[in-house]
Amino acid sequence: MNTPTGKDLLEIGYKPGKAIGIAIALMESNYADLLKEEQLAILAQVLASPADYLEDAQLAALAEALLPPKQEEIIPLLDEARGYTIYGAAGIEAGALNQMNTAMRLPVSLAGALMPDAHQGYGLPIGGVLATKDAVIPYAVGVDIGCCMSMSLYAIDSAILNKQSEQLKRILLDNTRFGTATFKKPKDHAIMERPEFATIPIVKSLKDRAYSQLGSSGGGNHFVEFGVVELHDKDNEFGLPTGQYLAALSHSGSRGLGASIAGHYTKLAMESCRLPQEARHLAWLDLNTAEGQEYWLAMNLAGDYASACHHQIHGRLATALGEQPLAVVENHHNFAWKEKDAAGNEVIVHRKGATPAGQGVLGIIPGSMATPGFIVRGKGEANSLNSASHGAGRVMSRTKAKQTLTLPQVQLYLQEAGVEVIGSGLDEAPMVYKDIRQVMQSQQDLVEVVGTFTPKIVRMCGDEKYMEKD
DNA sequence: ATGTCC
């Protein structure tokens, strides 16, 4: 093939974006008989003075993509941000507040809130909650669409965590997959029969990889762990007596499927919804357009896929333990829902790193690998848009953690906490997270604690090579 | 978060 690649175009000064795709498509369809060098020379000329090519029969589309958007096409932000409630403001970095302020100046924004674990992300901060009218913002859902917490409680004496920790480690090794590893023979799941895999072209192209990644956990802050739950609330929804239970807790999302869906529709949104520079990642899709409806379907599929992965993870653990769980709690914390506002109007509530906490709704808020997590019951606080934090929140960046922490220091910390960790890196060490108890303190109005989970045997993505048995 | 780039 003579066609220049995206890399070639970047080398001659093209910026990442839709112009590259248009340029390659044009070269393929209209200039394929020229040498690659000749094609690149044409593309360089258009890049140098796109205005000269606006009337060109072949190159007009490329010229248009290269010119800055006309001023009148840019949707102005409101002069002042709409008001919103911040929980635990003292512990939230300025970058996250700035991003939330920008989000509250979008013309489609109706209401918002910032959770006490908030930190800077792409577009909406992580820990940001945003209600909009008839619009969905892919980057206010997040890249890992449908990222989930899931917990199973067992009628197994929690002493097993000390007495048979080697067996439990073996169970984690054999029944979970991290990083690029997947199961050699993925278990079938009804999710793969969903019509969206046939009807939405982008989703169709992701089906094979989605199948291969079923039941896997990925990387970053994702984990599967065993620990002990102390159930405090005698009126708990599980109908269980208070006391201690062996528990399995997992945190992971929609893997490559959701990431690719997020990337695809963010790009679409940014092309059709031009916003000032500081708000460009908050581009939305109108839910009354074909693209908006398609994203909604794809997002829901990714959410259900993430959930399916958790079901397989917990299913494998249950089989290995030889027991069925007494109770299961599960919630998304990167997602958008259609909900009603106080006046009864439908609004789109985006929670990007925030736990749904409507009245009586159960959820899980993890701490870190060596600090408690909580089974919580939402209080339905309107000012938080029925939301709570999705964890403790970082106090140290991944980069800083790798630069300042040492392996012996982290190992000692874990040893003193009585936690065994398979995999992971310094960037997920307990000290990179805020004090979860303080975070819970900041959201007393949002959730009540039903139970406390103490992690004991943790598996995360890491460099270490362990033997996995398929 | 992500076969971590179009």
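A quick note: this is a predicted structure, and the numbers were derived from the prediction, not measured. Chain identifiers are assigned alphabetically (A, B, ...) following the order of the sequence lines, protein sequences preceding nucleic acid strands; residue numbering begins at 1 within each chain.
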For this session: Kindly indicate whether the side chain of A/Leu110, heavy atoms from C-beta on, has any atom under 4.5 Å from the side chain of A/Thr132.
Result: no

Problem set entry | Pairing residues for A/Phe223 by the ring-ring contact (aromatic ring centres under 6.0 Å, His included) criterion, not counting sequence neighbours | A/His251

Please list, one pair per line, the donor and acceptor atoms closer than 3.5 Å that link side chains of residues 114-127 of chain A to other protein atoms, with sequence neighbours excluded.
residue: A/Asp117; atom: OD2; partner: A/His390; partner atom: N; Å: 3.0
residue: A/Asp117; atom: OD2; partner: A/His390; partner atom: ND1; Å: 2.6
residue: A/Asp117; atom: OD2; partner: A/Gly391; partner atom: N; Å: 3.1

Exercise. Excluding sequence neighbours, so at least two apart, what forms salt bridge (charged side-chain N to carboxylate O under 4.0 Å, His left out) with A/Arg398?
Worked result: A/Asp427, A/Glu428

Exercise. Just checking A/Gly258: base, sugar-phosphate only, or nothing, at a heavy-atom cut-off of under 4.0 Å?
Worked result: nothing

Please list each protein N or O that sits under 3.5 Å from an N or O in nucleotides 4-6 of chain B, with the distance.
none

Could you list the donor-acceptor pairs under 3.5 angstrom formed by side chains in residues 54-61 of chain A, with sequence neighbours left out?
residue: A/Asp56; atom: OD1; partner: A/Gln58; partner atom: N; Å: 2.7
residue: A/Asp56; atom: OD1; partner: A/Leu59; partner atom: N; Å: 2.9
residue: A/Gln58; atom: OE1; partner: A/Asn30; partner atom: ND2; Å: 2.9

Using residues 268-276 of chain A as the side-chain source, report each donor-acceptor pair under 3.5 Å to any protein atom, sequence neighbours left out, with the distance given to one decimal.
residue: A/Ser272; atom: OG; partner: A/Leu268; partner atom: O; Å: 3.3
residue: A/Ser272; atom: OG; partner: A/Ala269; partner atom: O; Å: 3.4

For this session: Could you tell me whether A/Arg209 contacts a base, only the sugar-phosphate backbone, or nothing, with contacts defined as non-hydrogen atoms closer than 4.0 Å?
Result: base

Exercise. Can you tell me how far P of B/dT2 sits from OH of A/Tyr139, to the nearest Å?
Worked result: 14 Å

Exercise. Contact class for A/Gly220 (heavy atom, under 4.0 Å): base, sugar-phosphate, or nothing?
Worked result: sugar-phosphate

